[in-house]
Trainee: 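Can you keep this structure in mind? I'll have questions shortly.
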Amino acid sequence: MRYLSTRGDATPRQFCDILLEGLAPDGGLYLPEAYPQVGGRLAQLRQTYADQGYAALAFEILSLYIDDIPAQDLRAICAKTYTAEVFGTPQITPLRRLEGQLFIEALSNGPTLAFKDMAMQLLGNLFEYELARRGEELNILGATSGDTGSAAEYAMRGKKGVRVFMTSPHGRMSPFQQAQMFSLQDENIHNIAIEGVFDDCQDIVKAVSNDLEFKRQYKIGTVNSINWARLLAQVVYYFAGYFQATQADTEKVSFTVPSGNFGNICAGHVARQMGLPIARLVVATNENDVLDEFFRTGVYQVRGAAATYETSSPSMDISKASNFERFVFDLVGRDGARTRALFTDGVARQGRFDLSQDAAFADAAARFGFASGKSTHADRLATIRDCAQRLGQMVDTHTADGIKVAREHLGAEPMIVLETALPIKFAATIEEALGRPPERPARFDGIESLPKRVTVLPADVDQVKALIVRHCGA
Ligand SMILES: *Cc1c(COP(=O)(O)O)cnc(C)c1O
């Protein structure tokens, strides 16, 4: 399998070439040159999943896209990643019925209790493997407001050849999120609390990455959601959800996905393009509804930091969806020049593009199955209450957004909502809704009182660079 850029650069690259890279050199995102078709192999994949479990299914899907890692190595990486010890259950992503045809697929039983573990744990093992093979090292520099940073740290802790430098806004993450990250004592994990807000952290990461000399000398890399390997890892659980909800491959299902950067649901798009029988892919947003607006109107209008609301589903507080370009590339018939124009002349220069008059948009729903909806703080509270009081199930705020929107799109087929986090991560809103705190998995008892390992720095690029230099011993 070869990879190309959404902006037209077709220099052939293989999986491991793009594994450690971010954007393509022309500023686009990487995609496979074609989606492998599995329509005729579904029964076989279903059997593999039933007999050998999630890790074996992951190997079957991943191997369609990766031919520069020997099969036995890739199989071992999948087996080491998707274990009951790491993900809490032998099914890895168990499906449960909420009511009627409405199901929840749990993606949130990994080490940090959010779905980002599903991809990040694989990425950690792939990085370690590829860096050892090349005899190289990598220093991952990131900015987090919570879920991404902790998932990255738990995936990279103790890995050879990798260090993590994770910036976060000092004092602004929930006590639980701070405890998760700062209690890690691994030597290769470095928490940097920046005296500022999340945007200050992001600006520091950008400034360091734009210093090409420093970036090369200190082998700076990232693990953000545009990484193709992360997206590919997520494709697997759409298959696992489908196999759990159906008996036969003639049946269809729909998915509703709480969305921010369009990464999770983009993996559903890839699964559907591969021939998985998905009727509809429903995008659920919170008050930051740029994606809902696009799917309703054909206008993609990004917003600045000032127009991005702080909500009670904070991992979706995003007003520029970094993976959206991948879908748009497919939508416009894989026209790289057109995609480039939409995202440079359009998004970068004018903050928007308008496909409302375009034939491609007119039949987007029919061709790609997309639908969308939006959920607000009041909806979230009402959904959390209804699920707890009437159905006896506690759900997190992001999953509640998904359930609210899924209910507006129910059809005859099973509707699977992806559970993207556990309630304990967002305890304050659960208490607001239910008047009592969420359940806490036993392994997290008392983590707030563990010793913390974090360096507090002012929002100053040079001081962050100096810290990196100190720990690299170069
Ligand atoms: C990251 C995240 C999301 C949004 O996922 P995208 O891939 O960015 O659309 C939703 N819910 C939770 C809990 C998350 O951590």
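Predicted model only: the values in this text are computed from it and were never measured. Ligands are counted one by one from 1 in listed order, and the atoms in each one are counted from 1 as well.
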Trainee: Please check whether Gly260 reaches ligand 1 - meaning an N/O of the residue sits under 3.5 Å from an N/O of the ligand, judged on distance alone.
Mentor: yes

Trainee: Could you tell me whether Ser259 and ligand 1 have an N or O pair separated by under 3.5 Å?
Mentor: no

Trainee: Find all atoms of ligand 1 within a distance of less than 4.0 Å from any non-hydrogen atom belonging to Gly263, and give their numbers and elements.
Mentor: 6 (P), 7 (O), 9 (O)

Trainee: Parallel under 30°, tilted from 30 to 60°, perpendicular over 60°: which one fits the rings of Phe368 and Phe327?
Mentor: perpendicular

Trainee: May I ask you to say whether Glu128 pairs ionically with Lys80, meaning some side-chain N is under 4.0 Å from a carboxylate O?
Mentor: yes

Trainee: At what distance is the nearest protein heavy atom to atom 8 (O) of ligand 1, and which residue and atom is it?
Mentor: Asn261 N, 2.8 Å

Trainee: Is it the case that the ring center of Phe444 lies less than 6.0 angstrom away from the ring center of Phe176?
Mentor: yes

Trainee: For the rings on Tyr300 and Phe324, is their centre-to-centre separation under 6.0 Å?
Mentor: yes

Trainee: From atom 2 (C) of ligand 1, work out which of Gln234, Lys116, His398 has a heavy atom at the shortest distance.
Mentor: Lys116

Trainee: Output yes when the distance from some N or O of ligand 1 to some N or O of Asp147 is under 3.5 Å, and no in every other case.
Mentor: yes

Trainee: Between Phe87 and Tyr54 (judged by ring centroids, cut-off 6.0 Å), do the two rings come close enough to count as a pair?
Mentor: no

Trainee: What atoms in ligand 1 come closer than 4.0 Å to a heavy atom of Ala421?
Mentor: 13 (C)

Trainee: Counting heavy atoms only, which of Thr112, Leu231, Thr420 is nearest atom 11 (N) of ligand 1?
Mentor: Thr420

Trainee: Can you name the side-chain contact (heavy atoms from CB on, under 4.5 Å) partners of Asp386, sequence neighbours left out?
Mentor: Arg390, Leu391, Arg407

Trainee: Please work out whether any backbone atom (N, CA, C, O) or any side-chain heavy atom from C-beta onward of Phe262 is under 4.0 Å from ligand 1, and answer side chain, backbone, both or neither.
Mentor: backbone

Trainee: Considering only non-hydrogen protein atoms, determine which one is nearest to atom 7 (O) of ligand 1 and report residue, atom name and distance to 0.1 Å.
Mentor: Asn264 N, 2.8 Å

Trainee: Mind checking whether Tyr242 and Phe255 have ring centres under 6.0 Å apart?
Mentor: no

